[in-house]
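The structure appears right after this line, and notes come after that.
Everything numeric in this text was worked out from a predicted model, so none of it was measured. Letters A, B, ... mirror the listed sequences (proteins, then strands); counts begin at 1.
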Amino acid sequence: MSVQKPSIPKGTRDFSPLEMVRRNYIFDKIRKTFQLFGFQPIETPAMENLSTLLGKYGEEGDKLLFRILNSGDFLSEIKQSGITTENSKDIAPLISEKGLRYDLTVPFARFVVQHQNEITFPFKRYQIQPVWRADRPQKGRYREFFQCDVDVIGSDSLYNEVELVQITDQIFAQLQIPVKILINNRKILYGIAESIDAAEKLSDITMAIDKLEKIGLEKVKEELQQRGLPDKAIDKIIPVITLDSTICDKIDFLNAYFIHSETGRKGLEEISYLIEYLKGLELHNKFDFDIRLARGLNYYTGTIIEVKPLESSIGSVGGGGRYDDLTGIFGLPNVSGVGISFGADRIYDIMNECGLFPEVLQSTTKILFINFGTEEEKYCISLLSTLRASAIPAEFYPENAKLKKQMEYANRKNIPFVALVGKDEMESGSITLKDMKSGEQKAVSFEELKNVLLL
RNA sequence: GUGGUAGUAGCUCAGCAGGUUAGAGCGCCAGAUUGUGGAUCUGGAGGUCGUGGGUUCGAUCCCCAUCUUCCACCCCA
């Protein structure tokens, strides 16, 4: 048998100990913040039935779903159905009924419906798990990546939106990543579409204007034309999307603009409430009302939020919004939810790029005990137990190897202290403690040792 | 899914108008130093030149396919 070259699927990654310690640093900060606001954890399976996932993310989203081939004789269904077409679209549902989750929001909606009788509403949950997308990988874009979701379901109140912005602000402040929090409202976007008599073109309009900053006004006009918008409508939309002024001016402008759009006025009312609240808070990061913010996922109905890093090429590190009827498709209508999701992998990339990880994360063990032999081993093991009982990560080198090798081990693992306990130390009841950074070493008592390590 | 870019030692890269034993730096291993790591010195190991096919007397180099990376589009965390 020939030896095969080891490899992992495109767009997936292994994580080394150093990377994991750093990733956990991010997860810990996020998790603690979620908990601080009273959110509770849940987890859902990596795979869902395709019926749960399909049609929730738009046509593009369906294409990006990873599908799982049925087990066993997966062609049997096809034989029975007598289908002769070679069209993969017809065959796909017959040979695959499960898929990997694309995000955490839709599985959450499924969870809520399925467990509605056990849940106390409003239900505040957080969920930190990987998701999969069959996208073509790029920098900051992976096929397997972690999302950190917080959602409140079963409450219409805009107060929830306020807390979500607070959570966002606190998380990025803690991680020391400067961000801009952009907010908008789907009802405003609908209002705009309605005001130019193109309500049915809502998603075409939003997708086009979302790109304004990136491709410029002329290209946006072109795209709107291509998407079938009449020139008259385009002329009417230009002043809105090019509006570059203070939040108050934007609201005033839209108020006049939405004279014939009730939905638009409702959206304005909602965003005004949110903004007024946010102005009263002391946030670390800036927020802005961005009329152009659209967000692709088509289940959003109200507030939409996006988090953009100020000092990185990576576009977005988080996003979310309100969805009024996501549970409806699963049989639980009239339940509104709002949530936001943070991309842990992109956060990692940015922190790495900007050198934002604390240096202490380099070392996981505080002290290494040198192995001098069996006698010393027995003597040291109780010392180690005592240290560990005080929550000091400590290890004993498992082999009676050359001192050089053991010291090197400590050095590589960035262990800051080494304890040498041989015959001499056992007799005198002391410990020779070496500070690996300064190179200094001295004989100390066990109590002194503990005090040094607890610093 | 569309268009481009690159792939040579563990890492970063050199190389060749197609021609004998493919190099460097860093890293790794061993020794100088049997109770002391980082620095220095000495020696050593390590390559199907991404994979498969083709052209050729001969391919790491040219051609095709394929995989992977990065970039742009699409879309998105």
What's the CZ-P distance between A:Arg143 and B:rC67, to the nearest Å? 11 Å

Using the six-membered ring for Trp and the full ring for Phe, Tyr or His, decide whether A:Phe145 stacks on the six-membered base ring of B:rA77 (centres under 5.5 Å, planes under 30°). yes

Expressed in whole Å, how much space separates the P atoms belonging to B:rC64 and B:rG3? 15 Å

Any heavy-atom pair between the side chains of A:Asn185 and A:Leu274 that's under 4.5 Å? no

Taking atom types as they are modelled, would you say the side chain of A:Arg346 forms a donor-acceptor pair with the base of B:rC76 within the 3.5 Å cutoff? yes

C1' spacing across the pair B:rA30 / B:rU12, given as an integer number of angstrom: 25 Å

Between A:Asp290 and A:Arg292, is there a side-chain N and carboxylate O pair less than 4.0 Å apart? yes

Taking every heavy atom of A:Gly55 against every heavy atom of A:Asp62, the minimum-distance pair comes out as N-OD1, 3.0 Å

Using 4.0 Å as the upper bound for N to carboxylate O, is an ion pair formed by A:Lys63 and A:Glu60? yes

Walking RNA chain B from its 5' end, the first of A:Lys63 and A:Ala344 to be reached, judged by nearest nucleotide, is A:Lys63

Mate of B:rC70 where both pairing distances stay under 3.5 Å, Watson-Crick or G-U: B:rG4

Measuring only the C1' atom in each nucleotide, how far is B:rG50 from B:rC70? A whole number of Å is fine. 15 Å

Applying the Watson-Crick and G-U wobble criteria at under 3.5 Å, what pairs with B:rG58? Answer none if nothing qualifies. none

Only one of A:Arg67, A:Lys56, A:Arg101, A:Arg110 passes salt bridge (charged side-chain N to carboxylate O under 4.0 Å, His left out) with A:Glu48, and that residue is A:Arg110

Can you check the A:Glu59 CD to B:rC74 C1' distance for me, whole Å? 12 Å

Salt bridge check: are A:Glu395 and A:Lys413 linked by an N-O gap of less than 4.0 Å? yes

Between the base of B:rC75 and the side chain of A:Arg141, is there a donor-acceptor distance below 3.5 Å? yes

For B:rG58 and B:rC11, measure between their C1' atoms and round to the nearest Å. 33 Å

Here the distance between atom C1' of B:rC73 and atom NZ of A:Lys211, to the nearest Å, is 9 Å

Which value, in whole Å, describes the distance between the P atoms of nucleotides B:rG19 and B:rG37? 48 Å

Closest to the 5' end of RNA chain B, once A:Val317 and A:Glu223 are matched to their nearest nucleotides, is A:Glu223

Quantified in whole Å, what is the P atom distance between nucleotide B:rC49 and nucleotide B:rG31? 33 Å

Hunt down the Watson-Crick or G-U wobble partner of B:rU51, both distances under 3.5 Å, from any strand shown, or write none. B:rA65

What integer distance in Å separates A:Asp135:CG from B:rA72:P? 13 Å

Measure CG/A:Asp103 against C1'/B:rA77 and give the value in whole Å, please. 10 Å

State plainly whether the residues A:Glu223 and A:Arg227 are in salt-bridge range, i.e. N to O under 4.0 Å. yes

Please state the C1' separation for the pair B:rC76 and B:rG38 - nearest whole angstrom. 45 Å

Measure from the side-chain heavy atoms of A:Glu60 and tell me the nearest of B:rA72, B:rC75, B:rC70. B:rC75

Which nucleotide, in any strand shown, forms a Watson-Crick or G-U wobble pair with B:rU40, with both distances under 3.5 Å? B:rA32

A:Met207 atom CE is separated from B:rC74 atom C1', nearest whole Å, by 10 Å

Ion pair check, A:Asp288 and A:Lys308, cut-off under 4.0 Å: no

Could you work out the separation of B:rA14 and B:rG47 based on their C1' atoms and round it to a whole Å? 15 Å

Without decimals, in angstroms, what is the distance between A:Leu293 CG and B:rA77 P? 11 Å

Touch class at under 4.0 angstrom, heavy-atom based, for A:Tyr409 against every strand present: nothing

What integer distance in Å separates A:Ile314:CD1 from B:rC76:P? 17 Å

What is the nucleic acid contact for A:Gly61, judged by heavy atoms within less than 4.0 Å: base, sugar-phosphate only, or nothing? nothing

For A:Gly373, which contact category applies under a 4.0 Å heavy-atom criterion: base, sugar-phosphate, or nothing? nothing

Using a 4.0 Å heavy-atom cut-off, write out nucleotides 34-39 of chain B from 5' to 3' as B (base contacted by protein), S (sugar-phosphate only) or - (no contact). -BBBB-

Is the distance from the ring center of A:Phe172 to that of A:Phe342 below 6.0 Å? yes

With a 3.5 angstrom cut-off on both distances, give the Watson-Crick or G-U wobble partner of B:rC13, or none if there isn't one. B:rG23

